[in-house]
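Data block below; observations after.
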Amino acid sequence: MKVLVPVKRVIDFNVAVRVKADRSGVDLTNVKMSINPFDEIAVEEAVRQKEKGKVTEIIAVSIGPAAAQETLRTALAIGADRAILVKHDGDLEPLAVAKILKSVCTAEQPRLVILGKQAIDDDCNQTGQMLAALLGWPQGTFAAQLELGPDKASVTREVDGGLQTVELTLPAVITTDLRLNEPRYASLPNIMKARKKPIIEKSVADYGVDPAPRLKVLEVTAPEKRRSGMRVGSAAELVGKLREKGII
Ligand code: AMP
């Protein structure tokens, strides 16, 4: 079974994000970039399924600038077999990404696509759902557990108040939640091996997709700084303060 894993290059989750002075977006100069954490979980899951003998080949795909090669090398070091870089400079919205991924699926014919549930830069949480709709494939979003059979996938999802298990007929689209697994650290030999694994370069035009954004960002602002709290001596004082501030 072939599995496709889309991986996005995003600002590293440890970096404190700076908003540009003109409020047009986030400042990316000299900022550490990494693989989107949910996508790392997706690659790990594909590798675990391969280790169980359920998957034969893992293809990582990234749509982004030339530097997204590094993101693909990370996926290859975790255990993906080969990679596709669809080169694109500038912003891309989930619909354009989903359309490109649909064309990649038509060319590669995977039985399963495992994406992250969301990219931590734009927090859209849309691409997997849009891809499933465009392909007409079933989807299991926010997977916390995955059982793969030859024709079916069973996905356990965390929902309010418990767990929900859905059965999907393959081919299908799955998106990963945080609890699905804990990705391994790529070992040095695997990092070295990853350097020799193939990365094919493509362009957005190769897939006949118009990447122009349909939304206009009006303004990006940093969240308000957290104000310091105050200590109260008793429950009665707390109630008094809340009344004073019109909260109750
Ligand atoms: P989003 O809908 O933007 O929150 O992204 C959800 C998931 O779609 C990510 O976790 C990735 O698996 C995939 N994805 C989004 N953008 C890209 C991209 N430019 N290249 C590869 N995969 C992407």
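Residues: numbered from 1 along the sequence shown. Quantities reported herein were computed from a predicted structural model and do not represent experimental measurements. Numbering of ligands and ligand atoms starts at 1, following listing order.
Near C124, meaning under 4.0 Å from one of its heavy atoms, ligand 1 places the atoms 1 (P), 2 (O), 3 (O), 4 (O). Within the listing of ligand 1, atoms 1 (P), 2 (O), 4 (O) sit less than 4.0 angstrom from a heavy atom of N125. Of all atoms in ligand 1, numbered sequentially from 1 with element shown, those under 4.0 Å from a heavy atom of A119 are 1 (P), 3 (O), 4 (O), 5 (O), 6 (C).
F142 and V166 are not part of a single hydrophobic cluster, where members link through side-chain heavy atoms under 4.5 Å apart.
Among G128, A68, P65, G116, the residue whose heavy atom sits closest to atom 6 (C) of ligand 1 is G116. The residue among V104, I35, I63, I41 with a heavy atom at the shortest distance from atom 19 (N) of ligand 1 is I63.
Under the side chain to side chain donor-acceptor pair (under 3.5 Å) test applied with Q118, the options N36, N125, D123 reduce to a single match, D123. K50 pairs in a side-chain contact (heavy atoms from CB on, under 4.5 Å) with only one of the listed residues (T56, D81, V3), which is D81.
A 6.0 Å sphere centred on CG of D91 holds no more than 12 heavy atoms belonging to other residues, nucleotides or ligands. When the shell of 6.0 Å around NZ of K52 is examined, it contains more than 12 heavy atoms from other residues, nucleotides or ligands. Summarising the local packing, CD of E219 is surrounded by more than 12 heavy atoms from other residues, nucleotides or ligands at distances under 6.0 Å.
For ligand 1, none of its N or O atoms has an N or O atom of D123 under 3.5 Å away. Polar contact with ligand 1: present for T127 (N/O pair, distance under 3.5 Å). By the 3.5 Å distance cut-off applied to N or O atoms, P6 is counted among the residues near ligand 1.
Between the side chains of K152 and T169, at least one donor N or O sits under 3.5 Å from an acceptor N or O. For the residue pair T141/T175, the side-chain donor-acceptor check at 3.5 Å is not satisfied.
Atom 10 (O) of ligand 1 has as its closest protein heavy atom D39 OD1, 2.5 Å. Looking only at protein heavy atoms, the nearest one to atom 14 (N) of ligand 1 is V97 CG1, 4.1 Å. Counting only heavy atoms of the protein, atom 16 (N) of ligand 1 lies nearest to K8 CD, 3.4 Å.
In this structure the side chain of I63 reaches within 4.5 angstrom of the side chain of L92, judged on heavy atoms.
Within the 4.0 Å heavy-atom criterion, both parts of L115, backbone and side chain, lie near ligand 1. With a 4.0 Å heavy-atom cut-off, ligand 1 is reached by the backbone of V7 but not by any atom from C-beta on.
Using a non-hydrogen distance threshold of 4.0 Å, V61 registers as a contact of ligand 1.
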